[in-house]
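A quick write-up on the structure given underneath.
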Amino acid sequence: MADRSRHLIGLLLGAEEDWPQAFEALLQRVGPVAVDGGEHEFGSRRLTIEPFDLNDPVRVGLVIDRLAYWYYHPREWLKKAALMNGTYLLNSPFTFQSMEKHSAYCAMLRLGLKIPRTVLVPFKNPLDNVRWAYTSSKYNKPFDLDAIADDLGYPMYMKPFDGGGWRGVSRINNQDDLHKAYDESGEMLMHLQATVEYDKFARALSIGAETMVMDFRPDEPMHNRYAVSHDFLSPSAGHQTVAISRIVNAFFGWEFNSCEMLVKGDDVYPIDYANACPDVAVTSLHYYFPWAISALVKWSVFSLATGRRSKVDLHTERYFEIADDTSLDYDAKLNAYLALADEHFETAKYHEWCAAHLGDFDLRVRDWVAGPDFARLLRETVIATYPAHEQEKFFAHFKGLTDLWVADQAG
């Protein structure tokens, strides 16, 4: 009789319902997977938040976390589960501080990526701390905000050093914009960042060893921001956007992350590439939603069935050795970083394993998206998201886009 392993995936969730339902439905369609004479079965459960003994056992073998970047209690449980129980985490809670833009900017600048020039400026308003008055009067050096802005050049952007979800982001066109945005920043610590005149705004969503680069239009309403646009970048820029997204993730130990980049011709400028909770809502991803959930299922199943282990040590010195190699130009360094990233994600092994053990899974995903269960999920999501008088319009909008994905897969 073949050995049977039962794996449980934990979902640590906030307010989301659409993609978790999709994940659960598609995971059920994986079925038993035979590997090396043994059989692997997979299930999932939604995790709850409660007191925990540091010696408590942990049932789940892998956790997809969408909560701990702001909620400290589950964050500490994740650390305990990883360190004491060997639980596999898609995003490391030990590098959450690097999810702040500032840390990620510094790391990627160290690797020589084309980060727009960025200046960190002090708080506008005093912090609520009894030590503020003495420390600031003794050590805070006066500065000229206008001079910094003039040096960077207008237009520019002001945004929180730890921001996410476009919180507190302002386009600065002149001195009036500069002072208004800075006055409104309050106790937020802000970056001033030079802008790049770009042809395309690319957003790459990376899940494990898979990456989807999407044509993103930030000025459009959310339901229309992701254009269904294939080959919208040159081959060189397309390669760079995929490489940069994976390099960032491998460097910090993240496996579920999005990366935003401005693209001008063949030049790619990363501007935001640290997202502890990347957007996977059906009402924004639409056409790309089935790919995202399918990739999430496949990476989770692969990681559990192959005994993949989380790594706390990042081994950043391997990247820095490449960065400091003066014999390598930019493209050669990027490809060398990508080789390290592919090693981290076991990219070749992942694709070979999926082909061998999940050969018909993509067809099952397509059939599910074309069927009544997905239509029900989509309608429920639209009803929960939009006012009654707009629901039919948006249901038709998203159903048309996901039907297009089904047709493209069949083709």
Side-chain angles (χ1 to χ4, degrees), residues 4-28 30 40-100 103 127-131 160 162-165 167 187-188 207-208 249 252-258 274-281 293 296-297 299-305 307-314 380-381 384:
R4 178 170 295 180
S5 299
R6 292 182 174 86
H7 304 283
L8 193 59
I9 297 169
L11 304 180
L12 189 55
L13 304 172
E16 303 153 303
E17 277 296 331
D18 55 350
W19 80 261
Q21 288 188 56
F23 181 91
E24 291 159 348
L26 292 181
L27 186 65
Q28 291 175 4
V30 170
H40 296 261
E41 295 179 348
F42 304 89
S44 65
R45 61 177 290 193
R46 299 191 182 193
L47 301 178
T48 54
I49 299 161
E50 52 199 286
F52 63 89
D53 188 310
L54 271 61
N55 290 301
D56 283 346
V58 173
R59 288 189 57 209
V60 294
L62 179 148
V63 176
I64 300 171
D65 163 45
R66 304 280 288 178
L67 190 61
Y69 70 100
W70 66 269
Y71 198 166
Y72 291 167
H73 185 100
R75 181 190 299 189
E76 300 314 306
W77 180 83
L78 288 173
K79 292 177 182 177
K80 164 262 190 301
L83 290 173
M84 299 190 65
N85 307 97
T87 303
Y88 194 84
L89 309 178
L90 263 59
N91 284 344
S92 170
F94 302 102
T95 58
F96 270 147
Q97 180 143 8
S98 296
M99 286 287 186
E100 299 168 351
S103 301
L127 294 177
D128 184 16
N129 188 301
V130 294
R131 292 164 291 194
D162 61 346
R167 171 180 62 88
E187 291 185 11
M188 290 190 293
I207 299 172
N249 288 359
F252 287 112
W254 304 331
E255 297 177 359
F256 189 12
N257 186 35
S258 61
N275 195 333
C277 192
D279 179 16
V280 285
I293 308 308
L296 195 56
V297 169
W299 182 252
S300 301
V301 166
F302 165 78
S303 296
L304 286 169
R308 188 172 164 85
R309 291 287 178 260
S310 297
K311 298 176 181 177
V312 176
D313 298 325
L314 298 179
E380 289 178 356
T381 303

ask   = Side chains of Glu380 and Glu17: closer than 4.5 Å at any heavy-atom pair?
value = no
task = Working to the nearest 0.5 Å, report the span between CD1 of Ile9 and OG of Ser300.
result = 4.5 Å
Qualifying residues under side-chain hydrogen bond (donor to acceptor under 3.5 Å, both in side chains), relative to Asp279, sequence neighbours excluded = Ser284
ask   = Any side-chain heavy atom of Pro74 within less than 4.5 Å of one from Asp65?
value = no
query = Is Phe256 close to Asn275 at the side-chain level, that is, under 4.5 Å between some pair of heavy atoms?
reply = no
query = Nearest 0.5 Å, what's the CD1-CD1 distance between Ile64 and Ile207?
reply = 9.0 Å
query = Taking only residues two or more places apart in sequence, or in another chain, which ones meet Ala25 in a side-chain contact (heavy atoms from CB on, under 4.5 Å)?
reply = Arg29, Trp368, Asp373
query = Would you call the rings of Trp254 and Phe252 parallel, tilted or perpendicular, where under 30° means parallel and over 60° means perpendicular?
reply = parallel
query = In terms of side-chain heavy atoms, does Asn257 have a donor or acceptor partner in Asn249 at a distance below 3.5 Å?
reply = yes
query = Does a side-chain heavy-atom distance below 4.5 Å link Arg308 with Trp299?
reply = yes
query = So, do Leu90 and Leu296 sit near enough that their side-chain heavy atoms are less than 4.5 Å apart?
reply = yes
key: pair Trp77-Leu47: side-chain heavy atoms closer than 4.5 Å   = yes
note = Interatomic distance, CD@Glu24 vs CD1@Ile293, rounded to 0.5 Å, equals 11.0 Å
request  = Please report the C-alpha distance between Leu83 and Phe94 in whole Å, then the side-chain angles of each, then the deciding distance to 0.1 Å, and finally whether the side-chain contact (heavy atoms from CB on, under 4.5 Å) criterion is met.
outcome  = CA-CA 11 Å; Leu83 290 173; Phe94 302 102; 3.6 Å; yes
task = With sequence neighbours excluded, tell me which residues meet side-chain hydrogen bond (donor to acceptor under 3.5 Å, both in side chains) with Arg6.
result = Glu41
message = Under a 3.5 Å distance rule, please check whether Ser310 uses its side chain to pair with a backbone N or O of Leu89 as donor and acceptor.
response = yes
ask   = What residues, two or more places apart in sequence or in another chain, satisfy side-chain contact (heavy atoms from CB on, under 4.5 Å) together with Leu13?
value = Leu11, Glu16, Trp19, Pro20, Arg46, Arg66
Name each donor-acceptor pair under 3.5 Å that joins a side chain in residues 50-60 to protein atoms two or more places apart or in another chain, with its distance.
unit_1: Glu50; atom_1: OE2; unit_2: Thr48; atom_2: OG1; d: 2.6
unit_1: Asp53; atom_1: OD1; unit_2: Asn55; atom_2: N; d: 2.7
unit_1: Asp56; atom_1: OD2; unit_2: Asp53; atom_2: N; d: 2.8

request  = Go through the structure and list residues passing side-chain contact (heavy atoms from CB on, under 4.5 Å) with Phe42, not counting sequence neighbours.
outcome  = His7, Leu27, Val30, Val33, His40, Val301, Leu304, Ala305
ask   = Can you check side-chain hydrogen bond (donor to acceptor under 3.5 Å, both in side chains) on Tyr71 and Glu76, steps first, answer last?
value = CA-CA 9 Å; Tyr71 198 166; Glu76 300 314 306; over 6 Å; no
request  = Decide yes or no for Pro93 and Tyr69: does some side-chain heavy atom of the first lie under 4.5 Å from some side-chain heavy atom of the second?
outcome  = no
ask   = Which heavy-atom pair separates Lys80 from Asn85 by the least distance, and what is that distance?
value = NZ-OD1, 2.9 Å
